[in-house]
Structures are given as C-alpha cells and as structure tokens.
Novice: 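Just passing along the structure, written as structure tokens.
This structure is a prediction, so every number in the text was calculated from the model and none was measured. In what follows, chains are A, B, ... by sequence order, proteins preceding strands, each numbered from 1.
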Number of protein chains: 2
Amino acid sequence: MADDQLSRVFAALADPTRRDMVARLAVGDATVGELADPYDVSVQAVSKHIRVLSDAGLVSKSKDAQRRPCHLEAEVFDLMTKWIERYRQQAQERYERLDAVLAEMRGDEQPTHPGNREQGAAS
Amino acid sequence: MADDQLSRVFAALADPTRRDMVARLAVGDATVGELADPYDVSVQAVSKHIRVLSDAGLVSKSKDAQRRPCHLEAEVFDLMTKWIERYRQQAQERYERLDAVLAEMRGDEQPTHPGNREQGAAS
DNA sequence: GTTGTATTCAACCAGTTAGTTGAGAAGGAG
DNA sequence: CTCCTTCTCAACTAACTGGTTGAATACAAC
C-alpha cells in the first residue's frame, strides 16, 4: 500500500470488520475492549485494526486509566468524498456532453436558439 | 481482502496508480496500452490493475480488434458515497446533539419556546 | 506489594498483492 | 502465410496483511 493519506483511508475501509467498527464509532465512542467484544477474534487483532484506522486518521484515541476510548474523526471522510465527487462529476459531464452530441446528430436540438452551439463537444 | 463489492471498490482505490487511471478514464475511454504509457511498469502490470478495477465494477472493457478500450463506470461511486454519507451524517448528528446538551447545561437555550425540549438528547 | 484488567509489543504463519519475465492468443497489415 | 501489435495467461518473487500466541506495560483496587 502507498503511504499517502488517501490511500491509507481507502485501504482502511476496504476491510468489512474495520467498516463495522467505524459504523459503531459513529453512534458513540468506545474502548478497544468494547469494540473487540462482538467479534470472535483476539483483542490484539482488534487493536491492530484500530491502529490501521488511526494511521489513516479516521480514529483518534484518548486515555482513561488503562482504557483507550476511540473516537471517530469524521472530517477525514471529506477527503474521500472530494476525490470521488471530482471524478464522478467529470465523468457525468462527459456523458452529458456525449448525449448532447448524439442529440445534435439526430437533429434533436431545439431550433429556437440558433446561436446555442455545444462548446467543445467534439474535442 | 473480503469479497463483497464495497470492499473491492475501496481496495481498488487504495492504490495511487489505480486512482490515477480512474482519473484519466474520467476524461475519456482509453485502451490498456494508452493507460500503460505514462507509467514505467510493464504492460502486464497495468493489465492487472485494470482487472482489479474491472472486478470492482469500476471499469468495463469492450473490444476493438486487438484493443481493449476501458470505460469508467461512475455509478459504482454511489455505493461508496452512500456508505460514507451514512456514517458521516450519523456522527455529525451526534456532535450536534452533544452541542445542544452542552448548551442546555450552560443555560444557553432560548426561553422563547417553553415546549422546545431536545428530543432524545440524553439517550 | 500483589493481583487483576486493558492494551500493546514481538515474533511468527498463511494468504494476498504488485511487480517481474516469458510464452501464448487474437487480429490487422504487408 | 508471415510479421507486428495489443493484450492476457502462467509462474515466480518480495513485500504486505490479518490472524495467532506469549510477554510486557500501565494502571486501579485490594
């Protein structure tokens, strides 16, 4: 895996167990032990999962005696959403442009606006 | 890696090279060779990357003689966006509720609406 | 101080991944 | 038919992942 944050965030969420933990942290903070409870893997394995989430910046840990309450850092989601939206939108615009070209080829365009050419549609 | 689609999509995008390919496919379809060109890895390696994207449903391939033009399937992005938005929103609501509780503890609430209690704020 | 609880560290293992090279397969062009 | 291009399959390797167990740390409670 690459070491940039976006890669780490995507990689962290590629595991269903970790996504499940994020889901549970969305309803409220929880300690490592509490998070480990529902799964039949060792606490150490869960601790590792949390470390991955933490390295990705998705989760922060505080201290309460021996406990390590985990807190979801939801702002990191924006990093992904921005990346996704950028290319989703770009692709969508391209389809719309393509549709416009196809419509023009079919002669579908409304002749009410004679100057309304598609800008750069064929580039 | 788990075999559900959401996991495959996240895993596919956890690699910067693959994200870069998605970015390029967002501006227009491209063959395997065209996609391979900018990178100094073998064409076979790129072919494998495309297979990962394809298995995740992010990319589809068609046939043009020996060429395999790749096309971005942007709808799959929605799968991720939905998952992310769900938990981001849930976490955000929790913070807002917490803010409301804190405000109430400080006596910040406007006394203009005597019946306006926070519903379930302490649950 | 000793015991118990919560968490992490360290070493190890099996399975996967991202890359390599070499050999096809499939199709257009001379 | 032969050659060249484009792409994939197969086998191999190095590095990473997700899990294990056992030991160590840190703290609270008795």
Novice: Indicate if B:Ile84 and A:Leu58 have the same hydrophobic cluster label, given that clusters are the connected sets of ILVMFWY residues with side-chain heavy-atom separations under 4.5 angstrom.
Specialist: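 Hydrophobic grouping puts B:Ile84 with A:Leu58.
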Novice: Please answer whether the main-chain N or O of A:Glu34 pairs with a side-chain N or O of A:Arg24 as donor and acceptor at a distance below 3.5 Å.
Specialist: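 Answer holds: yes.
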Novice: At their closest point, which heavy atom of B:Leu25 faces which heavy atom of B:Ala30, and how far apart are they?
Specialist: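 Here B:Leu25 and B:Ala30 meet closest at CD2-N, 3.7 Å.
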Novice: From the list D:dT17, C:dA6, C:dC9, which nucleotide is the closest neighbour of the side chain of A:Met1?
Specialist: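 Among D:dT17, C:dA6, C:dC9, the one nearest the side chain of A:Met1 is D:dT17.
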Novice: Separation of B:Arg18 atom CZ from C:dG19 atom P, in whole Å?
Specialist: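 One finds 8 Å between P of C:dG19 and CZ of B:Arg18, rounded.
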Novice: For the pair made of NZ in B:Lys61 and P in D:dT6, what is the distance, rounded to whole Å?
Specialist: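 That distance rounds to 16 Å.
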Novice: To the nearest angstrom, how far is A:Asp15 atom CG from D:dC16 atom C1'?
Specialist: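 Those two atoms, CG and C1', are 14 Å apart.
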Novice: Closer than 4.0 Å, any side-chain N/O of B:Ser47 to the OP1 or OP2 of D:dT8?
Specialist: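 For D:dT8, OP1 or OP2 has a side-chain N or O of B:Ser47 closer than 4.0 Å.
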Novice: In whole angstrom, give the distance that lies between atom CZ of B:Phe10 and atom P of D:dT17.
Specialist: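 Whole-Å distance recorded here is 17 Å.
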Novice: How close do B:Val76 and B:Ala56 get, counting heavy atoms only, and between which atoms?
Specialist: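 Where B:Val76 meets B:Ala56 most closely, the heavy atoms are CG1-O, 3.9 Å.
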Novice: So does B:Arg51 get a side-chain nitrogen or oxygen closer than 4.0 Å to the phosphate oxygens (OP1/OP2) of D:dC7?
Specialist: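 Negative; the distance criterion is not met.
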Novice: Rounded off to whole Å, could you give me the OH-to-C1' distance for the B:Tyr39 and C:dG19 pair?
Specialist: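 Those two atoms, OH and C1', are 16 Å apart.
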Novice: Quick one, give me the B/S/- string for nucleotides 20-30 of chain C, reading 5' to 3', where B means a protein heavy atom under 4.0 Å from the base and S means that only happens at the primed atoms, P, OP1 or OP2.
Specialist: BBB---BBS--
Novice: If you find the nucleotide of DNA chain C closest to A:Thr31 and the one closest to B:Val52, which residue's nucleotide is nearer the 5' end?
Specialist: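 Counting from the 5' end, the first nearest nucleotide belongs to A:Thr31.
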Novice: Check the angle between the aromatic planes of A:Phe10 and B:Phe10 and answer parallel, tilted or perpendicular using the 30° and 60° thresholds.
Specialist: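 If you compare the ring of A:Phe10 with that of B:Phe10, the planes turn out tilted.
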Novice: Using whole Å, what does the distance between atom P of nucleotide D:dG18 and atom CG of A:Leu53 come to?
Specialist: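 Value for this atom pair: 10 Å.
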Novice: Quick one: is C:dT7 close enough that its OP1 or OP2 comes under 4.0 Å of any side-chain N or O from A:Lys63?
Specialist: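 So the side-chain polar atoms of A:Lys63 never come under 4.0 Å of the phosphate oxygens OP1 or OP2 of C:dT7.
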Novice: Using OP1 and OP2 only, check whether a side-chain N or O of B:Thr17 sits under 4.0 Å from C:dA18.
Specialist: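 Answer is no, no contact under 4.0 Å.
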Novice: So which atom in A:Val59 and which in A:Cys70 form the shortest heavy-atom distance, rounded to 0.1 Å?
Specialist: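 Nearest pair, atom of A:Val59 first, then A:Cys70: CG1-CB, 4.0 Å.
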Novice: For the pair B:Asp64 (side chain) and B:Arg67 (backbone), establish whether a donor and an acceptor sit closer than 3.5 Å, ignoring hydrogens and angles.
Specialist: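 Absent.
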Novice: Taking atom C1' of C:dA6 as reference, at what distance in whole Å does atom CG of A:Leu35 sit?
Specialist: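 Interatomic distance, CG of A:Leu35 to C1' of C:dA6: 13 Å.
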